[in-house]
Amino acid sequence: MEKVLQQILAELKELRQGQEAQAKELEALRLSLLRFENNAYDKFGALFDADKARQETLKEIKEQLAAHDACLDAHGGELARLRVKR
């Protein structure tokens, strides 16, 4: 009987040690996930900032293109008038 109790106690001790090891592993995984989430959050923020900068640049380019088009149209009209006067 005493031998059986000793065996049960030994098995309980092993189970407890296994649970403690799993708890440590789970905590390590949780911390790793938190670091990953923080890193991903920073990278997503940088991507959104880069996209915003790209959109602003495209807007400026479109505005400059519109100004150049207007200038070309004005010059085209002037050239047409000059050709007619010849």
Side-chain angles (χ1 to χ4, degrees):
M1 180 81 162
E2 193 172 309
K3 186 176 183 180
V4 172
L5 288 174
Q6 290 296 330
Q7 188 179 4
I8 291 172
L9 286 173
E11 289 178 16
L12 282 173
K13 185 177 180 181
E14 286 179 30
L15 287 172
R16 197 170 290 133
Q17 289 172 343
Q19 286 178 332
E20 289 172 359
Q22 286 181 343
K24 288 178 183 177
E25 196 173 321
L26 183 61
E27 181 64 17
L29 287 172
R30 186 184 72 78
L31 291 174
S32 177
L33 179 61
L34 285 173
R35 282 191 297 272
F36 176 79
E37 287 174 344
N38 287 339
N39 192 15
Y41 180 78
D42 292 342
K43 288 182 180 181
F44 284 133
L47 285 174
F48 287 125
D49 290 346
D51 185 56
K52 184 178 178 183
R54 184 190 57 80
Q55 288 177 359
E56 289 173 0
T57 301
L58 285 175
K59 181 181 176 186
E60 291 172 7
I61 290 170
K62 287 178 182 179
E63 290 170 353
Q64 289 175 359
L65 183 60
H68 289 302
D69 284 345
C71 185
L72 286 174
D73 289 343
H75 287 137
E78 184 67 25
L79 282 174
R81 282 190 292 279
L82 290 172
R83 285 183 182 146
V84 169
K85 289 183 180 181
R86 279 189 190 184

**Q** When rounded to the nearest 0.5 angstrom, what is the spacing between NE2 in H75 and CG in L82?
**A** 11.0 Å
**Q** Between the side chains of K59 and E56, is the shortest nitrogen-to-carboxylate-oxygen separation below 4.0 Å, so that they form an ion pair?
**A** no
**Q** Would E27 and K24 satisfy salt bridge (Lys or Arg N to Asp or Glu O under 4.0 Å), going step by step from the backbone distance to the final call?
**A** CA-CA 5 Å; E27 181 64 17; K24 288 178 183 177; over 6 Å; no
**Q** Ion pair present between D49 and K52, side-chain N to carboxylate O less than 4.0 angstrom?
**A** no
**Q** Between T57 (side chain) and A53 (backbone), is there a donor-acceptor pair under 3.5 Å?
**A** yes
**Q** Running the 4.5 Å side-chain criterion over Ile, Leu, Val, Met, Phe, Trp and Tyr, what cluster does L47 land in, apart from itself?
**A** F44, F48
**Q** Measuring from atom CG of D51 to atom CG of L58, what distance do you get when rounded to the nearest 0.5 angstrom?
**A** 9.0 Å
**Q** Among all residues two or more places apart in sequence or in another chain, which pass the side chain to side chain donor-acceptor pair (under 3.5 Å) test with Q64?
**A** none
**Q** Once rounded to the nearest 0.5 Å, what's the spacing between atom CG of L34 and atom CG of N39?
**A** 12.5 Å
**Q** Yes or no on side-chain contact (heavy atoms from CB on, under 4.5 Å) for R16 and K13, after CA distance, side-chain angles and deciding distance?
**A** CA-CA 5 Å; R16 197 170 290 133; K13 185 177 180 181; 5.6 Å; no
**Q** Look up atom CZ in R54 and atom CD1 in I61, then write down how far apart they are to the nearest 0.5 Å.
**A** 10.5 Å
**Q** Could you tell me which residues satisfy side chain to side chain donor-acceptor pair (under 3.5 Å) with D73, sequence neighbours excluded, listed by chain and number?
**A** none
**Q** With rounding to the nearest 0.5 Å, note down the distance linking CD in E2 to CG in L9.
**A** 10.0 Å
**Q** Taking atom CD of E25 as the centre, does the number of heavy atoms from other residues, nucleotides or ligands within less than 6.0 Å exceed 12?
**A** no
